[in-house]
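Notes follow once the structure below has been shown.
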Amino acid sequence: HKAIENRKMKMASTTDAMKAARAQKAVEKAAEMAKRMVDNLNATIDRLEKISLRIKSRIDKVTAAQGSTASAQTALDSAMTAIQKAKDAVPQVSAAFSAAASLENPKDGAANIEQARNAVTSQLKAAEAALKAAVTALAGQKGADAAASTVVSEEGTSASLEGGATVQTQ
């Protein structure tokens with residue numbers, strides 16, 4: 001009987017080691033997924049910011065040509081607010097992943113991760129809709145179809161614009 005008990009103990013320790021290895025692999029996989037998701041969200045934010053710079057350039061051109069830009073400017077301001085809210089919410093996605101990784105069963109934190117991600121994506125969708133509204137408001141106005149030029153925002157960020165032009169940082 002002693003041999004059977006030794007065998008059971010050996011199997012139990014092997015099973016515990018396998019469970020620990022699976023748990024570690026799940027944590028690593030969740031960390032990779034979190035990084036990929038955060039990188040994708042940040043890339044989307046960057047793209048929308050670059051688009052907003054180009055729209056701001058168009059608004060400036062229409063204004064210079066004495067066109068009406070009030071609705072386009074309002075939509076752009078709305079988009080910029082939504083982009084900023086999305087930027088502010090991205091760390092919450094990372095925090096939700098970190099919290100889930102510390103749980104005994106990381107899947108238990110999936111609802112919090114999804115809620116944090118949805119908060120960011122809803123802001124990004126709102127920003128995209130506002131940018132579309134700004135473009136629509138500028139359509140057909142004098143000066144709106146002029147080629148885009150380089151634009152530097154107040155923050156000194158850089159962006160690549162139409163025609164391959166690059167914005168220089170200040």
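Predicted model only: the values in this text are computed from it and were never measured. Note: hydrogens, waters and symmetry copies are ignored here, and every other heavy atom, side chains too, is used.
Here S71 contributes atom OG and L76 contributes atom CG; the two are 11.5 Å apart, rounded to the nearest 0.5 Å. Between atom CZ of residue R47 and atom OG of residue S52 there is a gap of 13.5 Å, rounded to the nearest 0.5 Å. Q123 CD to D88 CG: the interatomic distance, rounded to the nearest 0.5 Å, is 9.5 Å. Between the NZ atom in K35 and the CG atom in N40 there is a gap of 9.5 Å [rounded to 0.5 Å]. To the nearest 0.5 angstrom, I45 atom CD1 is 13.0 Å from K50 atom NZ. Atom CE of M80 sits about 9.5 Å away from atom CG of L48, to the nearest 0.5 Å.
S78 contributes no side-chain N or O that, together with a main-chain N or O of T74, makes up a donor-acceptor pair within less than 3.5 Å.
For the pair L124/L41, a side-chain contact is recorded, criterion being any heavy-atom separation below 4.5 Å from C-beta on. N112 has its side chain within reach of Q115: a pair of non-hydrogen atoms, C-beta onward, lies under 4.5 Å apart. Residues Q84 and T81 are not in side-chain contact: their nearest non-hydrogen atoms beyond the backbone lie 4.5 Å or more apart. Using a 4.5 Å heavy-atom cutoff, the side chains of D60 and T69 are not in contact. Within the 4.5 Å cutoff, the side chain of R36 has heavy atoms near those of the M33 side chain. Looking at N118 and T121, their side chains come closer than 4.5 Å, going by heavy atoms from C-beta outward. L131 places none of its side-chain heavy atoms less than 4.5 Å from the side chain of V135.
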Practice task
Under the side chain to side chain contact (heavy atoms under 4.5 Å, CB included) rule, what do R22 and K25 come out as? Steps first, then yes or no, please.
Solution key: CA-CA 5 Å; R22 277 195 305 266; K25 193 171 187 173; 5.6 Å; no
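Taking both residues in full, the closest heavy atoms of A127 and I83 are given as CB-CG1, 3.6 Å, listed atom of the first, atom of the second, then distance. What you find for L138 and R58 is that their closest heavy atoms are CD1-CB, 3.7 Å. In terms of heavy-atom proximity, A75 sits nearest to A134 at CB-N, 3.6 Å.
Here K29 pairs with nothing under the salt bridge (Lys or Arg N to Asp or Glu O under 4.0 Å) rule; sequence neighbours left out.
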